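All of these numbers come straight from a predicted model, not from anything done at the bench. Atoms within a ligand are numbered from 1 in the order they appear, just like the ligands themselves. Residue numbers start at 1 and run along the sequence shown.
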Amino acid sequence: MDERVVVAGAVYDRGRLLAARRSAPPELAGRWELPGGKLEPGENPREALVRELREELGVEAEPGERIPGEWPLGRGYVLQVWTVRLLSGEPRPLQDHDELRWLSRREWDSVDWLDQDVPAVVEAIRRLPEPDSRATT
Ligand SMILES: Nc1nc2c([nH]c(=O)n2[C@H]2C[C@H](O)[C@@H](COP(=O)(O)OP(=O)(O)OP(=O)(O)O)O2)c(=O)[nH]1
């Protein structure tokens, strides 16, 4: 099947998950998502995710495991999510986002997630490492 893929990162740090507020397009602006984007021709999902996180957040990151599942986004796109470990840099909203927030397990639904992201975010939160454990994914 020729499904178009959007890759997104469940970026973890000290027991929190990174959420990003979209600044565009108008119909999505103000809603929260997991940072990422579309695959470019010839890219595999992990490569695309590393590139997107560099462009959007200004960080170097290492994808770990893929979170099982695939979530439809409409217009033939599906969302796939990988756990991500930050290698260097502090995430900043450089592109596509105007705010970032680190959410603990109990804060996960304190932002207005895109509807289609909610099941993926629930899975990401389920896998959130404990605050005092070092991320190995
Ligand atoms: N990155 C990301 N996109 C999502 C999520 N949920 C969701 O519905 N989307 C939608 C929004 C966009 O229509 C599409 C991703 O496109 P994008 O604009 O982030 O991708 P991109 O950086 O490759 O940008 P472009 O080529 O479209 O300009 O998927 C999510 O959690 N993360």
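Atom 32 (N) of ligand 1 has its closest protein heavy atom at Leu34 O, 2.7 Å. Ranking the protein heavy atoms by distance from atom 6 (N) of ligand 1 puts Asp117 OD1, 2.6 Å first. For atom 5 (C) of ligand 1, the nearest non-hydrogen atom of the protein is Glu33 OE1, 3.4 Å. Atom 14 (C) of ligand 1 has its closest protein heavy atom at Val6 CG2, 4.0 Å. Leu73 CD1, 3.9 Å is the protein heavy atom nearest to atom 9 (N) of ligand 1. Scanning all protein heavy atoms for the shortest distance to atom 16 (O) of ligand 1 gives Lys38 CE, 3.6 Å. Regarding atom 18 (O) of ligand 1, its nearest protein heavy-atom neighbour is Arg22 NH2, 3.2 Å.
Against a heavy-atom cut-off of under 4.0 Å, Leu114 is close to the following atoms of ligand 1: 6 (N), 7 (C), 8 (O). In the vicinity of Glu52, heavy-atom distances shorter than 4.0 Å reach the ligand 1 atoms 21 (P), 22 (O), 23 (O). Of all the atoms in ligand 1, the ones that sit under 4.0 Å from a non-hydrogen atom of Gly36 are 1 (N), 19 (O). Every atom of ligand 1 with a heavy atom of Asp96 under 4.0 Å away is listed here by number and element: 22 (O). Listed by number with element, the atoms of ligand 1 under 4.0 Å from a non-hydrogen atom of Gln116 are 7 (C), 8 (O).
Between Arg4 and Leu73 there is no side-chain heavy-atom pair separated by less than 4.5 Å. Considering only heavy atoms from C-beta on, Leu94 stays 4.5 Å or farther from Leu57 through its side chain.
A heavy-atom separation below 4.0 Å is not found between Glu55 and ligand 1. At least one heavy atom of Arg75 lies less than 4.0 angstrom from ligand 1.
Taking only nitrogen or oxygen atoms, main chain and side chain alike, Pro35 does not reach within less than 3.5 Å of ligand 1.
Of the options Glu33, Glu99, His97, a side chain to side chain contact (heavy atoms under 4.5 Å, CB included) to Arg21 is made by Glu99 and by none of the others.
Put simply, the side chain of Trp113 gets close to the backbone of Trp108: a donor and an acceptor are under 3.5 Å apart.
Between Glu130 and Arg105 there is a salt bridge, since a side-chain N of the basic residue sits under 4.0 Å from a carboxylate O of the acidic one. Using a 4.0 Å cut-off between charged side-chain N and carboxylate O, Arg51 and Glu47 make no salt bridge. Electrostatic pairing of Asp115 and Arg31 counts as a salt bridge here, judged by a charged N lying under 4.0 Å from a carboxylate O.
A side-chain donor-acceptor contact under 3.5 Å links Ser104 and Glu107. Between the side chains of Gln80 and Glu70, a donor-acceptor pair is found at a separation under 3.5 Å.
Side-chain heavy atoms closer than 4.5 Å link hydrophobic residues (I, L, V, M, F, W, Y) into clusters, and following such links, even through other members, never connects Val111 to Leu114.
For atom 28 (O) of ligand 1, no protein heavy-atom neighbour is present inside the 4.0 Å cut-off.
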